[in-house]
Amino acid sequence: MIGTVLGGRYEILELISEGGTSLVYKAHCRMLDRIVAVKILKDEYSNDLGFVQKFKTESLAAAQLSHPNIVNIFDVGQQDDTYYIVMEYIQGQTLKEIINQEAPLPLEQAITIAAMICDGLQHAHERGIIHRDIKPNNIIITEGGIVKVADFGIAKAISKKTITYGGNIVGSVHYISPEQARGEPVTRTTDIYSVGCVIYEMLTGQMPFDAESPITVALKHIHDEPTHPRVLNENIPRGVETIIQKTMAKLPAQRYATAQELRNALLSFSVMGAAGNGKEGKGKNTLLPFISRKPGNGGKRRIKRSTLVVIGIALLGLLAGFLFTNHGFFGKEVEVPDLVGLTMKEAQDKLTPLDLTIKKVGDQSSDKVPADQIISQTPAKGQKVKTGREIEVVVSKGAELVTVPSVIGKTYDDAELELRGLGFKVTKEPKYDDKYTENIVMSQKPGAKEQAAKGSTIQLLVSQGKTPGKVVVPDLMGKSLDQAKKILENSNLSLGTVHNETSNQYAINKVCQQNPNAGTQVDEKSIVEISLSTGPGSGGAVKSKSINYTIPDGQTTNTVVIQVTDGNGSRSISVPGTRKPGEPVSVNINYVGSGRADVYLNDSFAVSYSLP
């Protein structure tokens, strides 16, 4: 790569650094005769066209930012399969290098750094750009002590790969917000949470959360609270600790609303001092005199006369090429049709009548567009181009296959987070089990190490705990509400909805109906609903009559049911148990108005009594 000239103007001089997604080179811009930094995507990202498209879009948006505390982007380009960003060249150190060498940093120094980070973020946030990957490696301190926030152009593109990609990039998980770890939408307070993690590390020398697995770190951001900063560094004032804790609140609404609000809180503390803690601020804010300035001319270089001549010739050549290729100014223009969703052959058939051709520039996995169909095109549909133009397209490879990890034995929450982080959907089927404790995954489909399409669903069988025992529903009829509650509790059952209804048989506020009925066998902790009597209905006062009946000779045992019909309609009264021949049955009937009571033995009519 050394000696390569990108875009006809950026000559690569030397490698400066290597990150998780890119290589950074020092380069010479031949056109403007200045030193720049060129960030080049690594091959594994350059081959991912979806990632590249996000990279281009976000880089171009970030190029609109111009602020002393943001690394300025000059250009975004592509040469063959090489994608690059041209940025201002900064001589200095990353904040991570400074933390590794000097942490914990002095309070004034850490506050000044954080305030400058906030200044840069506030500028970006006001223009609708969220960084999403604030970390010490993305903060550069110049030799003059100025803080520069880097990598605005790549942050959104890598946000969904932060946990799932290998290599250095997994380090970003140490600074992500809880909402990022859950895969939820981000806001400006997402960056504020990450700044809190950076302040924490500057003042303690430790990251807020750490573990061997990136997934475990992400879970800690969601569920755990970090060790209080003052436990790790007793010289941190309580007021600063409070600022850090607010900045790192789990809920976005509980953090500082803007980067400027956080900056003001930090600088106010710096001015006022740590009142009540015995540690006074110095009452002033300074630049950071902790990087030695290397000697250099420090001035701007003039553009040589010979360079101007070269630029002029190049411009004339560019103009000539425009005039004499593709029919110059007078070539025929046509409108580009929509090719998305077509196969290559279908697309070419559509382009041929327009004197256009097609060129496949790459393949891309997609869980929405079937294999061999076009995902995207350049130029886009509706644009005017000259005849003879090639239309570049990206073709779907179908859904991306991902190896399913084993989540058996993990909690459902942990399993869901891991699977969703890999791009899967998750369904939960609860089931009682005597082996696995509650909320533990017992089985999964597809199984571990099987290949499944990204975006497909993983079915998890999750334990509800031990299988409940069986109990018999007690008889609650005629009981008060308090009595019914106590009886159900003693039977390891729960009281459900309490209804009200008229009853000619039971007094007011006594149980007159229950569901399930008494004697029914149900699971422990099942719900039983009851109805409380509101007294008799519209039929009038309640009367009473005793039905005395002797079981006739015949069957060995008999079930007895009395069907009562009165002013309130019909109802059945079941006589508990079974009765033998010759055994007397005595039932007191409460009724309204007049009617009759029909006795049934084993569901067969036996005798009827009048109710006057």
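Reckoned from all heavy atoms, side chains included, excluding hydrogens, waters and symmetry mates. Just so you know, these numbers come straight off a predicted model, no measurement behind them.
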Under 3.5 Å: donor-acceptor pair, side chain of Ser463, backbone of Tyr436: yes
Asp80 backbone acceptor or donor facing Gln78 side chain under 3.5 Å: yes
Gln444 (side chain) donor-acceptor with Pro405 (main chain) under 3.5 angstrom: yes
Flag side-chain contact, heavy atom, 4.5 Å: Val38 against Val24: no
Residue pair Arg34 / Phe74, side-chain heavy-atom distance below 4.5 Å: yes
Lys/Arg-Asp/Glu bridge criterion (N-O < 4.0 Å) met for Arg420, Glu416: yes
Where Lys250 and Pro178 come nearest, the two heavy atoms and their spacing: O-CG, 3.9 Å
Ser376 side chain reached by Val393 side chain, heavy atoms, under 4.5 Å: no
Flag, side chain of Lys220 to backbone of Pro226, donor-acceptor distance under 3.5 Å: no
Pair Asp413-His223, side-chain hydrogen bond (donor to acceptor under 3.5 Å, both in side chains): steps then yes or no: CA-CA 11 Å; Asp413 293 338; His223 300 297; 5.6 Å; no
Worked verdict on Tyr193 versus His221 for ring-ring contact (aromatic ring centres under 6.0 Å, His included): CA-CA 10 Å; Tyr193 181 94; His221 277 287; 5.7 Å; yes
Side-chain (Gln180) to main-chain (Ser177) donor-acceptor, under 3.5 angstrom: yes
Spacing of Ile99 atom CD1 and Met202 atom CE [to the nearest 0.5 Å]: 6.5 Å
Where Leu267 and Ala115 come nearest, the two heavy atoms and their spacing: CD2-CB, 3.8 Å
Side chain to side chain contact (heavy atoms under 4.5 Å, CB included) partner of Glu179, the single match among Leu251, Ile222, Thr190: Thr190
Side chains of Val402 and Val404 in contact at under 4.5 Å (non-hydrogen atoms): no
Validation row: Thr247, Tyr200 side chains within 4.5 angstrom (heavy atoms): no
Beyond-backbone contact of Lys246 with Gln254, side-chain heavy atoms, under 4.5 angstrom: no
Cation over ring face, Lys428 and Tyr412, 6.0 Å, 45°: yes
Within residues 202-214 or reaching into it, pairs that qualify as side chain to side chain donor-acceptor pair (under 3.5 Å) - sequence neighbours excluded: His174-Asp210
Whether Ser456 side chain and Ala453 backbone form a donor-acceptor pair below 3.5 Å: yes
Side chains of His125 and Thr258 in contact at under 4.5 Å (non-hydrogen atoms): no
Any donor-acceptor N/O pair, Gln122 side chain to Gln260 backbone, under 3.5 Å: yes
Heavy-atom closest pair, residues Asp151 and Lys39: OD1-CE, 2.9 Å
Evaluation steps, side-chain hydrogen bond (donor to acceptor under 3.5 Å, both in side chains), between Thr82 and Gln79: CA-CA 5 Å; Thr82 300; Gln79 182 168 301; over 6 Å; no
Exceeds 12 heavy-atom contacts within 6.0 angstrom, atom NE2 of His228: no
Smallest separation among heavy atoms of Glu102 and Leu105, with atom names: CB-CD2, 3.8 Å
Leu6 CG to Glu11 CD distance, which is reported to the nearest 0.5 Å: 10.5 Å
Asn100 side-chain N/O to Lys96 backbone N/O, donor-acceptor pair under 3.5 Å: yes
Glu88 with Lys148: basic N within carboxylate O range, under 4.0 Å: yes
Residues Lys135 and Asp133 bridged, charged N to O under 4.0 Å: yes
Audit row: Gln101, Glu97, side-chain hydrogen bond (donor to acceptor under 3.5 Å, both in side chains) steps and yes/no: CA-CA 6 Å; Gln101 296 167 8; Glu97 292 172 331; 5.7 Å; no
SB check Arg132 Asp191 (cutoff 4.0 Å): no
Sub-4.5 Å side-chain heavy-atom contact between Ile176 and Val173: yes
Geometric cation-pi criterion Arg263 and Tyr256, 6.0 Å radius, 45° cone: no
Value rounded to 0.5 Å, distance of CD in Glu241 from CG in Leu232: 9.5 Å
Heavy-atom closest pair, residues Val147 and Asn69: O-ND2, 2.9 Å
Over 12 foreign heavy atoms within 6.0 Å of CG, Asp81: no
Smallest separation among heavy atoms of Pro104 and Asn233, with atom names: CB-ND2, 3.8 Å
Side chain Arg255, main chain Thr189, donor-acceptor under 3.5 Å: yes
Atom pair CG/CD of Leu95 and Gln93 - distance to nearest 0.5 Å: 10.0 Å
Distance, nearest 0.5 Å, that separates CG of Leu65 from CZ of Arg127: 7.0 Å
Spacing of CD1 belonging to Ile199 relative to CD1 belonging to Ile117, to within rounding of 0.5 Å: 7.5 Å
Whether Ser194 side chain and Tyr175 backbone form a donor-acceptor pair below 3.5 Å: yes
